[in-house]
**Student:** 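Okay, handing you the structure first.
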Amino acid sequence: MFQDRTDAGRQLLARMPALDPAETVVVALPRGGVPIGEIIAEGLGAPLDIVFVRKVGFPGHRELALAAVTNGAEPGLVVNEDIARSAGLNRDRIWELAQPELREIARRRDSYLGGRAALPVRGKTVIVVDDGIATGATMRASLQHLRSRGPSRLILAVPVAPEDTLAELEESAGIDEVICLKTPEPFYAVGAYYRKFDQVSDDAVTTALAPASTGSGPASGP
């Protein structure tokens, strides 16, 4: 069990390979991944950015991940095909369900980035960070989106995740390396593996991203 996200971030930092800070970008999933990403970025001397991704919950059961949506230059949708098929939901209907999440992404982009563009990742090593993985829907969407932006190396770094989910992500999301500290079996909710698992505030995310806010141009999202 991790004490908190700071503890988890320090443990992950200790497992990082040797990297050139000038050729590395740490990308966190908001909001829980940001405190961990901040520690890794500071420790490596690399910049921190975020990927905008939201889970699309099953109607009436929002905690069940029907899909995940990212919003870069164009919105991207990754669907949990088994759940969609069993519910008889086609892609058009899932896009409809994703619209509130796209609006929340727009709000977060304005709040967190203050108008700056995403950091460039083409040709760089990208370390993708979250505070844990359960179903993997949002992480899969994030990884596929970041892979499409042309990094030379894509590393997934998380404190805790189910082993079968990690294997599925390695197969489907083009990951070059996985760093995961714990793969408990059976797996419970991510928060079960932290003694302190408070919600991360918007202000905390904005503060963590402030050192990277010197870019110019409209924010397009990673």
**Student:** Would you please name every residue forming a side chain to side chain donor-acceptor pair (under 3.5 Å) with Gln99, sequence neighbours left out?
**Tutor:**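 So Gln99 forms no side chain to side chain donor-acceptor pair (under 3.5 Å) with any residue.
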**Student:** Please name all residues satisfying ring-ring contact (aromatic ring centres under 6.0 Å, His included) with Tyr112, sequence neighbours left out, ordered by chain then number.
**Tutor:**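 Listed in chain order: nothing, the list is empty.
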**Student:** State yes or no: do Val78 and Met139 share one hydrophobic cluster built from I, L, V, M, F, W and Y residues joined by side-chain heavy-atom distances below 4.5 Å, directly or via other members?
**Tutor:**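 Each belongs to a different hydrophobic cluster.
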**Student:** Taking the side chain as C-beta and beyond, is there a heavy-atom pair between Arg108 and Pro30 under 4.5 Å?
**Tutor:**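 Arg108 vs Pro30: side chains touch.
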**Student:** List the residues meeting ring-ring contact (aromatic ring centres under 6.0 Å, His included) with Phe58, not counting sequence neighbours, and say none if there are none.
**Tutor:**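 Counting only residues at least two positions away or on another chain, Phe58 forms no ring-ring contact (aromatic ring centres under 6.0 Å, His included).
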**Student:** Do Val26 and Asp49 touch side chain to side chain, with heavy atoms closer than 4.5 Å?
**Tutor:**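 The answer is no, as the side chains (C-beta and beyond) never meet within the 4.5 Å cut-off.
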**Student:** If you measure from CD1 on Ile94 to CG on Leu66, what distance do you get to the nearest 0.5 Å?
**Tutor:**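 Ile94 atom CD1 to Leu66 atom CG measures 4.5 Å (nearest 0.5 Å).
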**Student:** Residues in side chain to side chain contact (heavy atoms under 4.5 Å, CB included) with Pro21, at least two apart?
**Tutor:**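 None.
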**Student:** Residues in salt bridge (charged side-chain N to carboxylate O under 4.0 Å, His left out) with Asp131, at least two apart?
**Tutor:**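 Here the qualifying residues are Arg5.
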**Student:** Which heavy atom in Thr70 sits nearest to a heavy atom in Leu102, and how many Å separate them?
**Tutor:**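 Smallest interatomic distance, heavy atoms only, reads O-CD2, 4.4 Å.
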**Student:** Looking at every non-hydrogen atom in both residues, tell me the closest pair between Ala65 and Ile83 and how far apart they are.
**Tutor:**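 Where Ala65 meets Ile83 most closely, the heavy atoms are O-CD1, 3.3 Å.
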**Student:** Tell me, please, which residues at least two apart from Gln3 pass side chain to side chain contact (heavy atoms under 4.5 Å, CB included).
**Tutor:**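 Gln3 satisfies side chain to side chain contact (heavy atoms under 4.5 Å, CB included) with Asp7, Arg195 only.
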**Student:** Can you tell me how far apart CZ (Arg107) and CZ (Phe52) are? Round to the nearest 0.5 Å.
**Tutor:**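 The CZ atom of Arg107 sits 10.0 Å away from the CZ atom of Phe52.
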**Student:** Side-chain contact, heavy-atom cut-off 4.5 Å: Val53 with Val69?
**Tutor:**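 SC-SC contact between Val53 and Val69 ruled out.
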**Student:** Once rounded to the nearest 0.5 Å, what's the spacing between atom CG of Leu156 and atom CD1 of Ile179?
**Tutor:**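 Spacing of CG (Leu156) from CD1 (Ile179) equals 8.5 Å.
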**Student:** Donor-acceptor check, side chain of Ser148 to backbone of His145, threshold 3.5 angstrom: yes or no?
**Tutor:**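 Between the backbone of His145 and the side chain of Ser148 there is a qualifying donor-acceptor contact (under 3.5 Å).
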**Student:** Of the non-hydrogen atoms in Ala137 and Ala68, which two are nearest, and what is the gap between them?
**Tutor:**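 Heavy atoms only, the tightest pair is O-CB, 3.5 Å.
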**Student:** Under the side-chain hydrogen bond (donor to acceptor under 3.5 Å, both in side chains) definition, can you give me all pairs with a residue in residues 80-89, not counting sequence neighbours?
**Tutor:**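 Every pair satisfying side-chain hydrogen bond (donor to acceptor under 3.5 Å, both in side chains) with a residue in residues 80-89: Asp82-Arg85.
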**Student:** Any chain of hydrophobic side-chain contacts (each under 4.5 Å) joining Leu12 to Val160?
**Tutor:**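 Yes, one cluster joins them.
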**Student:** Kindly list each side-chain donor-acceptor pair under 3.5 angstrom involving residues 180-189, sequence neighbours excluded, with atom names and distances?
**Tutor:**
none

**Student:** Ignoring hydrogens and angles, write down the donor-acceptor pairs under 3.5 Å from the side chains of residues 31-48, residues two or more places apart or on other chains.
**Tutor:**
| unit_1 | atom_1 | unit_2 | atom_2 | d |
| --- | --- | --- | --- | --- |
| Arg31 | NE | Val200 | O | 3.3 |
| Arg31 | NH1 | Asp202 | OD1 | 3.1 |

**Student:** Which heavy atom of Ala134 sits nearest a heavy atom of Val190, and at what distance?
**Tutor:**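 Looks like N-CG2, 4.2 Å.
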**Student:** Can you list the residues that meet the side chain to side chain donor-acceptor pair (under 3.5 Å) rule with Glu101, with sequence neighbours excluded?
**Tutor:**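 Listed in chain order: Arg54, Arg62.
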**Student:** Going from CG on Leu169 to CD1 on Ile133, what distance comes out if it is rounded to the nearest 0.5 angstrom?
**Tutor:**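 Atom-to-atom, Leu169:CG and Ile133:CD1 are 5.5 Å apart.
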**Student:** Just list the side-chain donor-acceptor pairs under 3.5 Å for residues 117-128, sequence neighbours left out, or say none.
**Tutor:**
| unit_1 | atom_1 | unit_2 | atom_2 | d |
| --- | --- | --- | --- | --- |
| Lys124 | NZ | Ala22 | O | 3.1 |

**Student:** Among residues two or more places apart or on two chains, list those pairs meeting side-chain hydrogen bond (donor to acceptor under 3.5 Å, both in side chains) that have a residue in residues 153-176.
**Tutor:**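 Counting only pairs at least two positions apart or across chains, the side-chain hydrogen bond (donor to acceptor under 3.5 Å, both in side chains) contacts touching residues 153-176 are Arg140-Glu168, Arg147-Asp176, Arg153-Glu177, Glu168-Ser172.
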**Student:** What's the spacing between Asp203 CG and Ser111 OG if we round to 0.5 Å?
**Tutor:**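 So the CG of Asp203 and the OG of Ser111 are separated by 7.5 Å.
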**Student:** Do Pro17 and Ile155 have side chains that get closer than 4.5 Å, going by heavy atoms?
**Tutor:**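 They are in contact (side-chain heavy atoms under 4.5 Å apart), so the answer is yes.
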**Student:** Identify the two heavy atoms, one from Ala192 and one from Met1, that lie closest to each other, and give their separation to 0.1 Å.
**Tutor:**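 Shortest heavy-atom contact: O-CE, 3.2 Å.
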